[in-house]
Amino acid sequence: VQLQASGGGLVQAGGSLRLSCAASGRTFSIYAMNWFRQPPGKEREFVAAITWNGANTYYADSLKGRFTISRGNAKNTVYLQINNLNPEDTAVYYCAAVSGRTVVRATGDDYWGQGTLVTVSS
């Protein structure tokens, strides 16, 4: 499975962004897609996940409300909508695919994209 994340950029506080993650290859083996983020100087943290059929979504408790994960009409694409951005959202955002097992949360052993940088100015 190959993952290509895109959509990051520089945005002012209060703005919105939609990140995209396009999956290719053995997508039939994907069980769930995740978004993680890594702020500068901090550890990577879970943001949201969605089962590949789009039926179930999961969010980090601290991020509920401003983040929405969804699966696109182009079924191999997953999106992360982020509203009301603030400088603390500045991070590299990664998508990850859980493949070959029926768990939602991705680990380092799963497939990861290259990340897309989101920078929020105050």
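Hydrogens, waters and symmetry mates play no part in the numbers below; they use all other heavy atoms, side chains included. Since this is a predicted model, take the numbers as computed values, not measurements.
- Evaluation of the salt bridge (charged side-chain N to carboxylate O under 4.0 Å, His left out) test over residues 16-30, restricted to residues two or more places apart or in two chains, returns none.
- Between Phe46 and Tyr58 the shortest heavy-atom distance is CZ-O, 4.0 Å.
- Distance check, rounded to the nearest 0.5 Å: SG of Cys21 to CG of Leu3 gives 4.5 Å.
- Residues Tyr94 and Tyr79 do not share a hydrophobic cluster, clusters being chains of Ile/Leu/Val/Met/Phe/Trp/Tyr side chains in contact below 4.5 Å.
- A single hydrophobic cluster is not seen to contain both Ile50 and Phe36; linkage of ILVMFWY side chains at heavy-atom distances under 4.5 Å, directly or through other members, places them apart.
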Worked check of ring pair (Phe, Tyr, Trp, His ring centres under 6.0 Å) between Phe67 and Trp35 = CA-CA 10 Å; Phe67 292 74; Trp35 283 99; over 10 Å; no

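- One hydrophobic cluster, built from ILVMFWY side chains closer than 4.5 Å, cannot hold both Tyr31 and Ile69; they sit in different ones.
- How far CG of Leu80 is from CG of Leu17: 9.5 Å, rounded to the nearest 0.5 Å.
- Hydrophobic clustering, with ILVMFWY side chains joined whenever heavy atoms are under 4.5 angstrom apart, keeps Tyr93 apart from Trp112.
- Taking hydrophobic clusters as Ile, Leu, Val, Met, Phe, Trp and Tyr residues chained together by side-chain heavy-atom distances below 4.5 Å, Met33 shares a cluster with Tyr59.
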Output side-chain donor-acceptor pairs under 3.5 Å for residues 102-110, partner residues at least two apart or in another chain, one line each.
| residue | atom | partner | partner atom | Å |
| --- | --- | --- | --- | --- |
| Thr107 | OG1 | Arg101 | NH2 | 3.4 |
| Thr107 | OG1 | Asp109 | N | 3.3 |
| Thr107 | OG1 | Asp110 | OD2 | 3.4 |
| Asp110 | OD1 | Arg101 | NE | 3.4 |
| Asp110 | OD1 | Arg101 | NH2 | 3.3 |
| Asp110 | OD2 | Arg101 | NH2 | 2.5 |
| Asp110 | OD2 | Thr107 | N | 2.8 |

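- Closest of all the heavy-atom pairs between Val1 and Ala97 is CG1-CB, 4.3 Å.
- Taken from OG in Ser121 to CG in Leu85, the straight-line distance is 10.0 Å, to the nearest 0.5 Å.
- The side-chain heavy atoms of Val98 and Tyr111, taken from C-beta on, include no pair separated by under 4.5 Å.
- Thr119 places no side-chain N or O within donor-acceptor distance of the main-chain N or O of Thr90, the cut-off being under 3.5 Å.
- Under the 3.5 Å distance criterion, the side-chain polar atoms of Arg66 are matched with a main-chain donor or acceptor of Asn84.
- The two residues Gly7 and Thr116 come nearest to each other via the heavy atoms N-OG1, 3.9 Å.
- Side chain of Gln4 to main chain of Gly113: no donor-acceptor pair is present (N/O by atom type, distance under 3.5 Å, no hydrogens or angles).
- Between the side chain of Thr51 and the backbone N or O of Asn56 there is at least one donor-acceptor pair closer than 3.5 Å.
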